[in-house]
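First comes the structure, then the notes that go with it.
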Amino acid sequence: MSGSATTTKEEREVKAAPLSVQSIAAVGARPASPSQSGGNAAGGGGGSGGTLRLQPHTGGVKASRQGSGQKDGAFQRLPNPPALVEYKGMRFLIFDAPSDRTIDLYLKEMEKYNLTDVVRVCDPTYDKAHLEAKGITVHDWPFPDGDPPPNTIVAEWLNLVESRFGPFKEKNGANVPPKDQAIGVHCVAGLGRAPILVAMALIEAGMAPLDSVIFVRERRRGAINARQLKYIETYKRRNKDKSCVIQ
């Protein structure tokens with residue numbers, strides 16, 4: 001699981017798939033770079049802004065594991081910095097899979113964002129005792145690379161999110177202050193399985209499905225492949241609050 005030469009199914013699908021779902025054609029597949037969009041990428045609570053310009057999704061983030069032994073600016077030495085996603089009081093840190101060799105570098109970021117939990121949706125690549133020693137609970141909920149999550153994992157994930165950030169129904173239409181804690185979630189490359197769980201939490205909190213994909217991709221470039229996109233497009237909220245309108 002280590003070494004930048006390994007190419008995962010997540011990466012291959014992200015690079016190869018043109019994301020042909022018709023309903024996202026007008027929305028685009030990933031945000032333009034600052035030089036292309038004038039630096040006006042949407043952020044914050046709404047997801048997709050009216051002026052957001054997106055371009056076809058052609059790239060991904062390499063799942064490299066090259067760390068640095070330096071103490072200062074340690075995470076800047078890793079090719080894949082973790083991505084923080086914040087929405088209505090929820091905070092998620094998406095990252096690729098550490099190894100026992102690089103785990104100390106990841107722990108710096110976990111402590112920085114006050115992670116209470118880490119969800120692993122891939123096979124273990126490091127000893128979870130490193131995290132447990134810091135008071136971080138590790139949840140092993142693996143599912144196949146490139147696939148959407150099974151219902152059992154969806155239920156466990158949403159229960160975890162609500163237990164840390166409060167009921168989803170209280171977030172719809174509410175201006176919820178951010179928590180000072182976060183949930184970490186990672187797969188191998190941090191591009192498919194981990195981001196799709198975060199997108200589902202955003203939908204449950206009131207965001208439109210395709211807006212959730214844009215919102216995540218603004219923060220984690222190359223996230224969510226074509227098959228997972230179709231799953232998100234048809235995802236139905238578990239939260240049955242009457243203020244939610246499900247397309």
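- Side-chain contact check for Val213 versus Leu229: some heavy-atom pair is nearer than 4.5 Å.
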Query raised in the report: Where do Val85 and Leu93 land on the side chain to side chain contact (heavy atoms under 4.5 Å, CB included) test, with the steps shown first?
Result: CA-CA 6 Å; Val85 178; Leu93 196 67; over 6 Å; no
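- Pairing each heavy atom of Cys187 with each of Ala194, the nearest pair is SG-N, 3.5 Å.
- Arg91 has a carboxylate O that lies under 4.0 Å from a charged side-chain N of Glu86, or vice versa, which qualifies the two as a salt bridge.
- Arg193 places no side-chain N or O within donor-acceptor distance of the main-chain N or O of Val185, the cut-off being under 3.5 Å.
- Within the 4.5 Å cutoff, the side chain of Lys128 has heavy atoms near those of the Asp140 side chain.
- A side-chain donor-acceptor contact under 3.5 Å links Asp100 to the backbone of Asp127.
- With hydrogens and angles ignored, the 3.5 Å screen pairs no side-chain donor or acceptor of Glu109 with any backbone N or O of Pro82.
- No donor-acceptor distance shorter than 3.5 angstrom exists from the side chain of Arg220 to the backbone of Leu191, with no hydrogens or angles considered.
- In this structure, Tyr87 and Ala205 approach most closely via the heavy-atom pair CE2-CB, 3.9 Å.
- The closest donor-acceptor contact from the side chain of Glu162 to the backbone of Asn159 lies at 3.5 Å or more, if one exists at all.
- Going from atom CD of Glu204 over to atom CE of Met90 covers 9.0 Å, rounded to the nearest 0.5 Å.
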Query raised in the report: Under the side chain to side chain contact (heavy atoms under 4.5 Å, CB included) criterion, do Phe165 and Gln181 qualify, and how do the steps go?
Result: CA-CA 9 Å; Phe165 303 123; Gln181 63 188 26; 4.1 Å; yes
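- Val216 and Ala223 get closest at one heavy-atom pair: CG1-CB, 4.1 Å.
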Requested in this report: Could you walk me through whether Val198 and Ile94 pass side chain to side chain contact (heavy atoms under 4.5 Å, CB included), step by step?
Outcome: CA-CA 8 Å; Val198 173; Ile94 302 173; 3.8 Å; yes
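- Looking at Asp96 and Tyr106, their side chains do bring a donor and an acceptor atom within 3.5 Å of each other.
- A distance of 13.5 Å separates CZ of Arg227 from CD1 of Ile232, quoted to the nearest 0.5 Å.
- Side-chain contact between Thr116 and Ile136: absent, with no pair of heavy atoms (C-beta onward) separated by less than 4.5 Å.
- For Arg101 and Tyr126, the positive end is not near the middle of the six-membered ring at less than 6.0 Å and at most 45° from its axis.
- Within the model, atoms CE of Met110 and CZ of Phe95 stand 4.0 Å from one another, a figure rounded to the nearest 0.5 Å.
- Checking Ile224, Asp147, Ile196 one by one against Tyr231, the side chain to side chain contact (heavy atoms under 4.5 Å, CB included) holds for a single residue, Ile196.
- Pro149 places a side-chain heavy atom less than 4.5 Å from the side chain of Phe143.
- A donor-acceptor pair is defined here as one N or O able to donate and one able to accept, closer than 3.5 Å; no such pair exists between the side chain of Thr137 and the backbone of Asp117.
- Checked by atom type and distance alone, the side chain of Glu156 never pairs as donor or acceptor with a backbone atom of Trp141 at under 3.5 Å.
- Annotation: Trp157 is in aromatic contact with Phe92 [ring centroid separation under 6.0 Å].
- Here the closest non-hydrogen pair linking Val161 and Ile183 is CA-CD1, 4.0 Å.
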Requested in this report: Determine, step by step, whether Val118 and His139 satisfy the side chain to side chain contact (heavy atoms under 4.5 Å, CB included) criterion, reporting the C-alpha distance in whole Å, the side-chain angles of both residues, the deciding distance to 0.1 Å, and the verdict.
Outcome: CA-CA 6 Å; Val118 165; His139 307 269; over 6 Å; no
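- Side chain of Arg164 to backbone of Leu160: no donor-acceptor contact under 3.5 angstrom is found.
- In plain terms, the two heavy atoms of Asn225 and Gly146 that are nearest each other are ND2-O, 3.3 Å.
- Looking only at side-chain heavy atoms (C-beta outward), Pro142 and Val121 stay at 4.5 Å or farther from each other.
- In this structure, NZ in Lys112 is found 14.5 Å from CG in Leu107, a value given to the nearest 0.5 Å.
- Counting heavy atoms from C-beta on, the side chains of His186 and Arg120 come closer than 4.5 Å.
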